[in-house]
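Following: one structure in structure tokens, then a few remarks.
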Amino acid sequence: MSLSETTYWRDDASCTKLGTKEADRLFFQSNPDDSERELKRYKRKTVIREAKDVCSSCPVRRECLGDALEHPDQAEYGIRGGLTPEERRVILRRGKAAIYAALQSAG
């Protein structure tokens with residue numbers, strides 16, 4: 001299977017319809033190497049909520065979350081599949097049943 005076959009779903013992601021700066025602001029504000037990490041708590045929560053709103057109606061949310069859970073080393077930060085890195089780590093620690101339940105609830 002080629003890389004293009006495994007990533008085709010990304011073309012339909014709601015976040016790809018956003019401009020680069022807006023997508024970075026919403027989805028990757030929790031990069032631990034980013035100077036923006038020190039955002040005020042309220043602002044950070046607001047941005048996360050905005051990103052999750054975009055994810056909530058995304059047609060490929062399940063695929064995005066599945067990819068993030070399958071490759072956690074490549075999804076260490078940012079909102080993926082409607083979940084924060086912390087939320088994804090909790091699911092991974094809980095194991096297969098939690099992963100299955102998360103994917104089912106993602107659409």
Side-chain angles (χ1 to χ4, degrees):
M1 188 178 297
S2 73
L3 180 60
S4 62
E5 289 176 278
T6 61
T7 60
Y8 72 92
W9 60 266
R10 290 185 175 124
D11 294 339
D12 296 325
S14 295
C15 59
T16 63
K17 312 303 188 266
L18 302 172
T20 303
K21 285 185 180 185
E22 180 67 357
D24 283 348
R25 181 185 77 83
L26 291 177
F27 295 94
F28 296 103
Q29 43 37 53
S30 57
N31 176 350
D33 299 325
D34 191 343
S35 62
E36 292 289 314
R37 185 170 188 238
E38 298 304 319
L39 291 173
K40 291 180 181 177
R41 182 174 293 261
Y42 174 78
K43 182 177 178 185
R44 183 178 165 121
K45 285 183 178 182
T46 300
V47 171
I48 289 171
R49 191 175 327 110
E50 288 178 48
K52 287 183 171 193
D53 286 347
V54 171
C55 292
S56 70
S57 61
C58 183
V60 294
R61 181 178 176 196
R62 179 185 287 181
E63 291 85 352
C64 183
L65 180 56
D67 184 67
L69 293 172
E70 187 175 336
H71 306 286
D73 56 316
Q74 296 173 13
E76 294 178 30
Y77 59 88
I79 307 300
R80 296 281 309 272
L83 299 178
T84 65
E86 295 81 13
E87 292 166 331
R88 293 191 305 268
R89 282 192 288 273
V90 168
I91 290 168
L92 289 170
R93 279 194 302 268
R94 290 183 179 166
K96 290 182 182 183
I99 293 169
Y100 178 80
L103 291 173
Q104 292 306 306
S105 69

Find the distance between CD (E63) and OH (Y8) and round it off to the nearest 0.5 Å. 6.5 Å
Could you list the donor-acceptor pairs under 3.5 angstrom formed between side-chain atoms of residues 97-107 and any protein atom two or more places apart in sequence or on another chain?
residue: S105; atom: OG; partner: A101; partner atom: O; Å: 3.4
residue: S105; atom: OG; partner: A102; partner atom: O; Å: 3.0

Nearest heavy-atom approach of C15 to A23 is O-CB, 4.2 Å
Set of salt bridge (Lys or Arg N to Asp or Glu O under 4.0 Å) partners for E50, sequence neighbours left out: R25
How many angstroms lie between OG in S56 and CZ in R61, if you round to the nearest 0.5 Å? 7.0 Å
T84 and I79: which non-hydrogen atoms are nearest, and at how many Å? CG2-CD1, 3.6 Å
Is there a side-chain contact between S14 and P59 in this structure, where contact means two heavy atoms from C-beta onward sitting under 4.5 Å apart? yes
Derivation of the side chain to side chain contact (heavy atoms under 4.5 Å, CB included) call for R62 and V60: CA-CA 6 Å; R62 179 185 287 181; V60 294; over 6 Å; no
Establish whether I48 and L83 are linked, either directly or via other cluster members, by ILVMFWY side-chain heavy-atom contacts under 4.5 Å. no
The single option from P72, P85, C64 passing side-chain contact (heavy atoms from CB on, under 4.5 Å) against R80: C64
Atom pair CG (L18) and CG (D24), whose distance is rounded to the nearest 0.5 Å: 10.0 Å
How far does NZ of K17 sit from CD of E22, to the nearest 0.5 angstrom? 15.0 Å
Run the side chain to side chain contact (heavy atoms under 4.5 Å, CB included) test on R88 and L65 for me, step by step, so that the C-alpha distance in whole Å, both residues' side-chain angles and the decisive distance to 0.1 Å come before the verdict. CA-CA 9 Å; R88 293 191 305 268; L65 180 56; 4.2 Å; yes
Side-chain contact test, heavy atoms from C-beta onward, threshold under 4.5 Å: evaluate it for D73 versus H71 and give yes or no. yes
To the nearest 0.5 Å, tell me how far R10 CZ sits from T16 OG1. 11.0 Å
Return yes when atom CZ of R94 has more than 12 non-hydrogen atoms of other residues, nucleotides or ligands closer than 6.0 Å, and no otherwise. no
